[in-house]
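Please read the structure below before turning to the comments.
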There are 2 protein chains.
Amino acid sequence: MPADLTADAGTRDDTGGRPVVPSIGRLRPLGLREVRITGGFWGHRQSVNAAATLEHNLSWERRVGWIDNFAAVVEGRVGRDRRGREFSDSDVYKLIEGMAWEVARTGDEFAAASIDELSKVIERAQEPDGYLSTAFGHDGQGGRYSDLEWGHELYCYGHLIQAGVALLRTGVDGPLADVAIRAADHICATFGPDGNQGVCGHPVIEMALVELYRATGERRYLDQAKLFVDRRGHGTLADVEFGRAYFQDDVPIRATEVFHGHAVRALYLASGAVDVAVETGDDELLAAIERQWAATVARRTYVTGGMGARHMDEAFGDDFVLPPDRAYSETCAAVASVQLSWRLLLATGDVRYADLAERTLYNVVATSPADDGRSFFYVNTLHRRRVGALPATDRHHPRAESSIRAPWFDVSCCPNNLARTFASLAAYLVTSDDDGLQVHQYADAEVSTRLADDRPAGFEMRTGYPDDGAVVLRVTETSARPWTLSVRVPAWAGDGAVLVGPDGTRRPARPGVASVTSAFAVGDEVRLELPMQPRWVRADPRIDALRGTVAAERGPLVLCAESTDLPAGRDVDAVRVDPSAPISPGGDGASLAAGALVSDDDRGWPYAPDADAGTATTPARIRLVPYHSWASRGPSTMRVWLPTTE
Amino acid sequence: MPADLTADAGTRDDTGGRPVVPSIGRLRPLGLREVRITGGFWGHRQSVNAAATLEHNLSWERRVGWIDNFAAVVEGRVGRDRRGREFSDSDVYKLIEGMAWEVARTGDEFAAASIDELSKVIERAQEPDGYLSTAFGHDGQGGRYSDLEWGHELYCYGHLIQAGVALLRTGVDGPLADVAIRAADHICATFGPDGNQGVCGHPVIEMALVELYRATGERRYLDQAKLFVDRRGHGTLADVEFGRAYFQDDVPIRATEVFHGHAVRALYLASGAVDVAVETGDDELLAAIERQWAATVARRTYVTGGMGARHMDEAFGDDFVLPPDRAYSETCAAVASVQLSWRLLLATGDVRYADLAERTLYNVVATSPADDGRSFFYVNTLHRRRVGALPATDRHHPRAESSIRAPWFDVSCCPNNLARTFASLAAYLVTSDDDGLQVHQYADAEVSTRLADDRPAGFEMRTGYPDDGAVVLRVTETSARPWTLSVRVPAWAGDGAVLVGPDGTRRPARPGVASVTSAFAVGDEVRLELPMQPRWVRADPRIDALRGTVAAERGPLVLCAESTDLPAGRDVDAVRVDPSAPISPGGDGASLAAGALVSDDDRGWPYAPDADAGTATTPARIRLVPYHSWASRGPSTMRVWLPTTE
């Protein structure tokens with residue numbers, strides 16, 4: 001039974017702030033005051049994000065003029081002086097959202113001061129009627145909403161509102177929450193039932209408005225979000241070069257079979273649709289998104305969890321078109337996928353959604369940023385064939401095809417989407433329901449919350465995950481009545497997982513949920529042991545691009561071969577592996593596979609009866625490293641899917 | 001020894017007109033008065049082109065405003081009224097070029113009248129100093145040469161000059177040849193050694209200027225072409241989103257290893273470079289292009305001969321990135337590839353170039369147009385996974401991802417490039433040298449020319465090719481002295497070809513050139529017999545996307561499976577074939593392969609240790625049809641590369 005969670009809504013949120021706060025659902029999200037990541041794989045990334053990425057992003061946004069655009073509006077010179085793409089405002093907002101979560105997480109002073117400074121200039125750029133854009137509506141610019149296909153005005157509001165909601169929920173002071181509310185009121189006045197019947201070329205406003213409804217209780221915002229969801233799919237937007245499918249305006253989302261078109265757009269829209277479905281009790285809409293998610297996972301998702309196979313329109317490919325060497329797998333699509341999975345998990349309690357979120361977090365979200373948090377992959381290919389040049393550090397880049405992360409892009413959503421995801425990541429780890437707590441992601445963390453009847457419940461999580469498969473939950477707060485501590489057992493664990501109860505009993509834990517119900521005492525331990533022997537996986541034969549290859553995984557990590565680990569002058573395309581031999585430890589987080597290196601000679605016309613005849617091979621041990629770490633040791637070639645010696 | 005062919009240059013060309021007339025080379029091209037296609041596969045396409053495509057293209061160019069743009073210049077309203085993309089002028093010029101060849105071929109009155117009408121309005125739009133563009137240089141437009149990256153002014157001149165040269169060589173009257181010469185003079189004055197140091201974002205001007213030099217003897221045009229070739233590759237153009245590689249401005253062409261960037265741009269540039277190399281005796285440059293061609297054929301070319309694997313920037317992919325289901329293989333790139341191969345064949349005499357031209361003509365150029373010559377593929381994919389919708393016939397389309405040809409495109413170079421290729425196709429069939437005649441492509445045709453010392457030589461070619469493998473050459477003109485009649489033996493024939501001499505002797509003809517030297521009498525026959533049993537080919541294992549699949553070929557034709565030939569509701573992705581069994585005749589030009597149909601069920605997450613485990617299969621005979629004919633029987637799915645039952 002979905003629980004009524006309405007007590008959670010409203011402006012005051014004593015959980016410390018959460019990105020998604022449904023009024024109803026199977027599971028209740030915990031806030032940043034209730035779950036803290038204390039170290040380990042994700043704790044390290046949170047620290048780097050706080051220490052480097054937030055400042056890096058802010059300094060680039062200054063440098064490329066995106067922040068000055070707001071001042072230019074105030075000073076009446078924006079028509080002349082504006083810099084950046086139509087949607088650059090949104091990146092300032094995404095960064096503010098990330099900073100708000102960081103202030104909630106650690107009280108970071110740089111972030112607090114930056115929010116304060118940015119909010120003031122943004123506030124001054126807002127028109128009296130709530131309109132706010134540096135790209136439209138001023139002298140020398142296009143008129144308001146004159147280009148809904150590409151103008152991104154409502155998209156920018158969406159991120160403004162998400163920033164405003166983060167500020168409301170985390171209790172960080174400043175004027176931006178009011179700016180967001182004025183913008184939302186302006187949207188409702190402009191795009192309401194009797195107003196402009198358009199939708200934005202890039203969804204996000206839908207989920208933003210639902211969250212603002214949840215944070216303020218103002219029903220109009222929910223109604224407007226529902227209107228935007230229902231309006232889309234009827235050809236309101238122009239038929240652009242990529243077709244209306246690009247912005248999901250070809251088919252209403254209720255009638256869609258599988259996610260399609262621009263991946264970030266599709267996933268943001270689906271997230272907003274889940275939010276609307278949950279708040280309006282629209283089970284049919286929720287079921288439609290669940291079906292689309294399942295079809296997309298079965299046919300249009302990379303082994304990394306990455307989504308989007310087409311560079312041209314940053315879009316999903318047709319079913320089973322998943323070329324590793326032309327994978328787009330945009331970082332922002334991964335962030336969007338995690339947001340969608342989280343919503344579906346909260347609504348349904350089905351841990352398949354947490355499985356995909358884990359895969360996506362470890363293999364796309366964690367792959368994008370460099371160790372120092374100051375450069376990023378925009379595109380997360382699964383096969384890099386050429387060693388790229390080091391990108392210049394002093395200029396922004398296109399989408400980046402290099403095998404090296406770049407510091408900034410013409411379209412720089414990825415660095416900011418990463419920043420807000422890392423800063424709020426603790427909120428995606430654990431949920432509660434009337435009976436207890438559910439662990440969805442493993443990390444060193446401390447959890448402290450209240451169950452129904454205000455009973456305290458908490459635990460400390462300790463793990464060397466993803467290097468080590470043991471996850472220990474030690475109860476730190478409890479009450480006399482029994483409650484249930486649940487952990488997700490990932491599908492990849494097969495039949496290899498074991499749950500150890502507080503009394504030391506060991507039992508097999510099948511993929512899904514494993515739980516212990518007990519009148520826990522402080523100090524009781526529940527222990528999940530996951531099998532960490534690397535394994536070979538093969539692909540559905542309908543994925544033509546992967547026929548005859550295997551990929552290695554270890555725990556939640558996808559592994560890859562990188563030219564850095566091969567003899568000088570040899571390339572990953574020479575690698576063949578023997579999947580019948582076990583993979584052994586390789587030291588330093590790496591693994592070693594049995595295999596061979598093949599010779600590499602040109603043969604003229606490459607299609608002939610015997611064009612695939614055997615080539616000279618040299619037996620070799622092939623070193624495999626976590627995919628998320630690739631290109632950290634300089635430019636390289638890399639591949640995830642490896643041809644076999646079979 | 002390359003022969004001196006300078007007698008062929010100059011305005012007067014009594015051959016009837018040829019697209020490429022080198023001053024020096026191994027082989028001499030024959031003109032439209034010397035070679036006529038009289039029927040068969042290509043004769044049919046020439047008739048459809050004349051009867052339908054030329055008029056179709058002209059009527060669309062009127063309808064979408066591209067022709068009115070010239071009148072708008074004359075009437076001073078172009079800044080307001082102009083329609084179409086920056087390069088739309090070029091399509092009017094390409095069409096005129098096609099019409100000029102058609103007038104030379106058949107005396108077509110519609111074409112002659114259209115050339116006359118179009119030339120007059122174009123002439124009036126030319127500025128006194130020779131500048132001619134409907135997109136730049138007038139009130140309300142960007143200044144002349146203000147956007148060399150994307151403006152296409154020099155590209156448009158290139159096609160204007162090619163049209164002018166066609167008119168000069170075919171002797172079709174009208175003012176356009178003078179317009180072209182004035183434009184060329186303007187270019188030399190503007191972009192000469194001391195002028196604007198830029199190059200055009202889209203090559204073609206290079207080969208056009210060389211041909212104008214050849215047609216007029218004016219050396220300045222050759223010098224300017226050489227300047228453009230040498231200037232490119234030094235980063236003169238801005239670093240656009242796709243990088244300078246997009247327009248080959250990243251590396252000088254002499255230092256390039258393999259064709260890269262936008263495929264049509266790369267192939268036009270290479271063609272211009274061959275022309276410059278030939279006319280300036282630059283053997284090093286010629287050798288560089290030959291090497292790049294060989295590397296491109298070995299690593300970056302589809303089995304159809306198609307080039308360009310990337311939709312995003314219409315570009316060559318990295319080596320061995322040749323996904324059949326995302327093949328771009330633009331029709332215009334195929335036309336450009338044939339132009340390049342022809343130039344290399346004339347310069348070197350190496351029939352490998354004619355082999356590729358044959359493959360490209362039958363499997364890309366012939367694939368693009370519908371039977372009625374009124375709709376076209378822009379993109380020639382090798383694997384279509386979804387049945388597309390019928391395109392609207394009353395509007396223009398984007399690049400067209402449909403499985404059905406579309407009547408017109410926003411960028412409509414393909415229909416015009418096809419028109420000029422079909423109308424001039426006879427000129428690509430046969431060459432001469434001091435010793436005789438060389439047949440490079442087989443077709444029903446009549447050949448009549450003069451060898452050295454003005455000796456008459458001619459033959460009639462009769463064949464049912466590509467359905468039938470017999471090609472009969474019957475001598476119709478000869479002289480007392482012996483001469484040599486040569487035929488290309490395609491590489492695909494392996495050791496299966498036989499040459500039958502005039503005396504009835506049969507001897508094996510190995511791939512390359514087979515020839516008979518004789519004091520031929522009228523009525524003598526030389527007969528080439530090519531093996532037409534369909535064969536399976538496999539791909540170089542470095543083409544990851546094709547691992548575990550085979551393709552069928554018959555003669556020069558690539559075959560494919562199409563859903564139209566499968567049981568209702570079944571799709572080509574269900575097809576498996578058994579390459580160990582022979583392919584049998586299937587009637588009506590089709591073939592039948594042994595194979596099976598597999599079941600098609602969703603399996604959730606598609607990557608697992610046993611994700612490629614066997615599926616239920618039903619034995620089936622799989623019908624294979626010529627790839628060029630696909631999607632002629634309504635929307636369908638299609639694939640060339642078929643997984644095996646192995």
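A, B, ... follow the sequence lines: proteins, then strands. Residue 1 opens every chain.
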Can you find a heavy atom in the side chain of [X] that is under 4.5 Å from one in the side chain of [Y]?
| X | Y | result |
| --- | --- | --- |
| A:Asp544 | B:Pro643 | yes |
| B:Arg326 | A:Arg310 | yes |
| B:Asp325 | A:Phe320 | no |
| B:Trp605 | A:Leu356 | yes |

Task: Value rounded to 0.5 Å, distance of CE in A:Met312 from CE in B:Met312 - done: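 Rounded to the nearest 0.5 Å, the CE-CE separation comes to 10.0 Å.
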Please look at [X] and chain B and tell me whether the side chain, the backbone, both or neither of the residue comes under 4.5 angstrom of a heavy atom of that chain.
| X | answer |
| --- | --- |
| A:Arg639 | side chain |
| A:Trp641 | side chain |
| A:Asp239 | side chain |
| A:Ala539 | both |

If you count heavy-atom pairs within less than 4.5 Å of chain A, which of [options] leads?
| options | value |
| --- | --- |
| B:Val297, B:Val303, B:Val240 | B:Val303 |
| B:Arg352, B:Glu553, B:His383, B:Arg359 | B:Arg359 |
| B:Asp610, B:Thr549, B:Val321, B:Val550 | B:Val321 |
| B:Ala545, B:Ala608, B:Gly548 | B:Ala608 |

- Task: Among A:Ala574, A:Ala295, A:Ala611, single out the residue with the greatest number of heavy-atom pairs under 4.5 Å to chain B.
- Result: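 Maximum pair count with chain B is reached by A:Ala611.
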TODO: For each of A:Ala294, A:Gly604, A:Gly243, tally heavy-atom pairs with chain B at distances under 4.5 Å, and name the one with the top tally.
DONE: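 Of A:Ala294, A:Gly604, A:Gly243, A:Gly604 has the most heavy-atom pairs under 4.5 Å with chain B.
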* Can you tell me if CD on A:Gln533 sees more than 12 non-hydrogen neighbours from other groups inside 6.0 Å? ->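 For A:Gln533, atom CD is crowded (more than 12 foreign heavy atoms under 6.0 Å).
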Ionic contact status for [Y] with [X], cut-off 4.0 Å:
| X | Y | result |
| --- | --- | --- |
| B:Arg542 | A:Asp571 | no |
| B:Asp612 | A:Arg538 | yes |
| A:Arg386 | B:Asp318 | yes |

Checklist line | Residues A:Asp319, B:Arg385; criterion side-chain contact (heavy atoms from CB on, under 4.5 Å); working and verdict | finding: CA-CA 8 Å; A:Asp319 289 349; B:Arg385 292 174 182 269; over 6 Å; no
Requested in this report: Evaluate side-chain contact (heavy atoms from CB on, under 4.5 Å) for B:Tyr607 paired with A:Asp540, printing each intermediate quantity in order.
Outcome: CA-CA 6 Å; B:Tyr607 310 103; A:Asp540 185 308; over 6 Å; no
